[in-house]
**Q** 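Got a structure for you, questions after.
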There are 2 protein chains.
Amino acid sequence: MRINRKYPLKMGNRPVTAQRQLLLSILRETRGHLDAKELYRKAIQRDPHISLATVYRNLRLFKELGLVDERRLDEVHSLYELRRPTEHYHMVCTSCGRVTEFTSPLIAELSSEVERSREFEVERAVLHLEGCCRKCKRRPRGRE
Amino acid sequence: MRINRKYPLKMGNRPVTAQRQLLLSILRETRGHLDAKELYRKAIQRDPHISLATVYRNLRLFKELGLVDERRLDEVHSLYELRRPTEHYHMVCTSCGRVTEFTSPLIAELSSEVERSREFEVERAVLHLEGCCRKCKRRPRGRE
DNA sequence: TTAAGTGCAAAGGCTTTGCAGCATA
DNA sequence: TATGCTGCAAAGCCTTTGCACTTAA
């Protein structure tokens, strides 16, 4: 006879509950750039009973499992996004708020330089660039 | 009240009150790496009546005047430090919490590269490196 | 007198936690 | 049964704000 598992999937040794599936789906679909409250707002549309506590608890779990990265881009909000194979960083437009991504080999180079010259073993570079995006440079007025 | 004296100094068009002098002195003496509560704790030793609200209000003012930079180095705390002529960034040891500073021309180089290739006008690079400091590499045990 | 700064306490906003109920293995 | 997840509400923490009072100009 076959084992009837309600939770067919595992993350680490933890079950993937319906709530976790939902949250991961949303993160996948939006390709990140969501804070906890936005994630909650989107989640509640598909599961009206899900709670904000569940969102926070699972975001923390996802982080611990290395599935999700948290990025603090301003004073208040953290953005959460699924970890992807290629490391990337964000540019934040201080005029319209748009968040876009970039990568550069100079970041690894910087880490190496610091490791060499400062004897500091770099585990992670926390970085984003603030400035003015292409669209706002053309039309230098407020937010959208 | 305690201040029975004119305000001989001005910051912008704002008077430098006794509280503001005190806060700036502490920031100068500690060369930054203080969060708001630590600043408050140090301040209250010299002026037992100063309030946390005054600390926050003045930190915000100092930021607006460009005297002080705020750095978020972890999930919770912001560090405040007097702005100095040379731009610098921080290395944070994830083992002992020690904060040290570094600079590198690669950061300006990175900004230029992004400006060129992504048509994004960089106003500010928000950066710190997390990792393991020299001392903890030698003695890889917990916090101090 | 008027505009601005301060202290105190209360309120905000985001995040975590305690607890009871449920589901899974 | 034992473990762990969830929803709800309450609590925590950092920060801001309302208000009355004081100070400097």
Side-chain angles (χ1 to χ4, degrees), chain A residues 1-24 26 34-65 67-68 70-80, chain B residues 1-24 26 34-65 67-68 70-80:
Chain A
M1 86 178 258
R2 84 189 177 81
I3 301 167
N4 184 11
R5 288 173 185 272
K6 188 64 187 303
Y7 295 149
L9 301 173
K10 291 279 187 178
M11 317 178 314
N13 54 356
R14 321 287 287 273
V16 178
T17 63
Q19 289 89 338
R20 288 175 182 163
Q21 276 185 25
L22 173 56
L23 295 174
L24 290 169
I26 294 169
L34 282 177
D35 65 17
K37 211 148 115 193
E38 283 177 290
L39 179 55
Y40 172 63
R41 265 188 242 109
K42 283 182 185 287
I44 218 171
Q45 290 172 12
R46 298 199 222 163
D47 173 0
H49 293 292
I50 198 170
S51 77
L52 189 53
T54 295
V55 172
Y56 277 110
R57 274 192 287 240
N58 283 316
L59 281 174
R60 191 160 57 167
L61 173 66
F62 297 160
K63 276 197 293 177
E64 285 165 11
L65 293 175
L67 291 174
V68 158
E70 179 183 10
R71 316 270 197 152
R72 297 192 97 80
L73 295 189
D74 67 14
E75 321 280 291
V76 195
H77 297 92
S78 284
L79 303 190
Y80 297 87
Chain B
M1 259 206 133
R2 287 159 300 106
I3 306 161
N4 281 344
R5 167 173 79 74
K6 306 206 171 188
Y7 295 148
L9 301 173
K10 291 279 188 179
M11 318 180 312
N13 53 357
R14 320 288 287 273
V16 177
T17 63
Q19 290 88 339
R20 288 175 184 164
Q21 276 185 25
L22 174 57
L23 295 174
L24 289 169
I26 295 169
L34 282 177
D35 66 17
K37 210 148 116 194
E38 282 176 290
L39 179 56
Y40 173 64
R41 265 188 243 110
K42 283 181 184 286
I44 218 169
Q45 290 171 12
R46 297 200 224 163
D47 174 359
H49 292 292
I50 196 170
S51 77
L52 188 54
T54 296
V55 172
Y56 277 110
R57 274 192 286 241
N58 283 317
L59 281 174
R60 191 160 58 166
L61 173 65
F62 298 160
K63 275 197 293 176
E64 285 165 12
L65 293 174
L67 291 173
V68 158
E70 181 183 9
R71 316 269 197 152
R72 298 191 97 80
L73 295 190
D74 69 13
E75 320 280 291
V76 194
H77 298 92
S78 285
L79 304 190
Y80 296 88

**Q** Using a strict heavy-atom distance below 4.0 Å, which residues from residues 47-55 of chain A are in contact with DNA chain D?
**A**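 Close to the strand are A/His49, A/Ile50, A/Ser51, A/Ala53, A/Thr54.
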**Q** Taking the side chain as every heavy atom from C-beta outward, state whether B/Glu70 and B/Leu59 have any pair of such atoms under 4.5 Å apart.
**A**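 Side chain of B/Glu70 against side chain of B/Leu59, heavy atoms only: no contact under 4.5 Å found.
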**Q** C/dT6, OP1 or OP2 - any side-chain N/O from B/Thr17 closer than 4.0 Å?
**A**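 It does, given that an N or O in the side chain of B/Thr17 lies less than 4.0 Å from OP1 or OP2 of C/dT6.
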**Q** Considering only D/dT16, C/dC14, C/dG18, which nucleotide approaches the side chain of B/Arg60 most closely?
**A**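 Among the listed nucleotides, the one closest to the side chain of B/Arg60 is D/dT16.
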**Q** Let me spell it out: for each of B/Arg57 and B/Tyr80, pick the nucleotide of DNA chain D with the closest heavy atom. Which residue's pick is nearer the 5' end?
**A**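 Closest to the 5' end, via its nearest nucleotide, is B/Tyr80.
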**Q** In whole angstrom, what separates A/Leu59's CG from D/dT6's C1'?
**A**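 Those two atoms, CG and C1', are 15 Å apart.
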**Q** Would you say A/Asn58 places a side-chain N or O within less than 4.0 Å of OP1 or OP2 belonging to D/dT6?
**A**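 Answer is yes, contact under 4.0 Å.
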**Q** CD1 of A/Ile44 versus C1' of D/dC8: gap in Å, rounded?
**A**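 In whole Å, D/dC8 C1' and A/Ile44 CD1 are 12 Å from each other.
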**Q** Answer with base, sugar-phosphate or nothing: what part of the nucleic acid does B/Arg14 contact at a heavy-atom distance below 4.0 Å?
**A**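 The residue B/Arg14 makes sugar-phosphate contact but no base contact.
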**Q** Side chains of B/Arg20 and B/Pro15: closer than 4.5 Å at any heavy-atom pair?
**A**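 Yes, their side chains come closer than 4.5 Å.
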**Q** For B/Ala43, check side-chain contact (heavy atoms from CB on, under 4.5 Å) against everything at least two apart and list the hits.
**A**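 B/Ala43 satisfies side-chain contact (heavy atoms from CB on, under 4.5 Å) with B/Leu22, B/Leu23, B/Ile26, B/Ile50 once adjacent residues are dropped.
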**Q** Could you work out, with salt bridge (Lys or Arg N to Asp or Glu O under 4.0 Å) as the rule, every residue matching A/Arg46, not counting sequence neighbours?
**A**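 A/Glu29.
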**Q** In whole angstroms, how far is the P atom of D/dA24 from the CD atom of B/Gln19?
**A**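 Rounding to the nearest Å, CD of B/Gln19 and P of D/dA24 are 11 Å apart.
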**Q** Please report the closest heavy-atom contact between B/Glu38 and B/Leu34, naming both atoms and the distance.
**A**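 Scanning both residues, the minimum pair turns out to be CB-CD2, 3.7 Å.
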**Q** Hey, is the main chain of A/Leu61 close enough, under 3.5 Å, to the side chain of A/Asn58 for a donor-acceptor pair?
**A**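 A pair under 3.5 Å: no.
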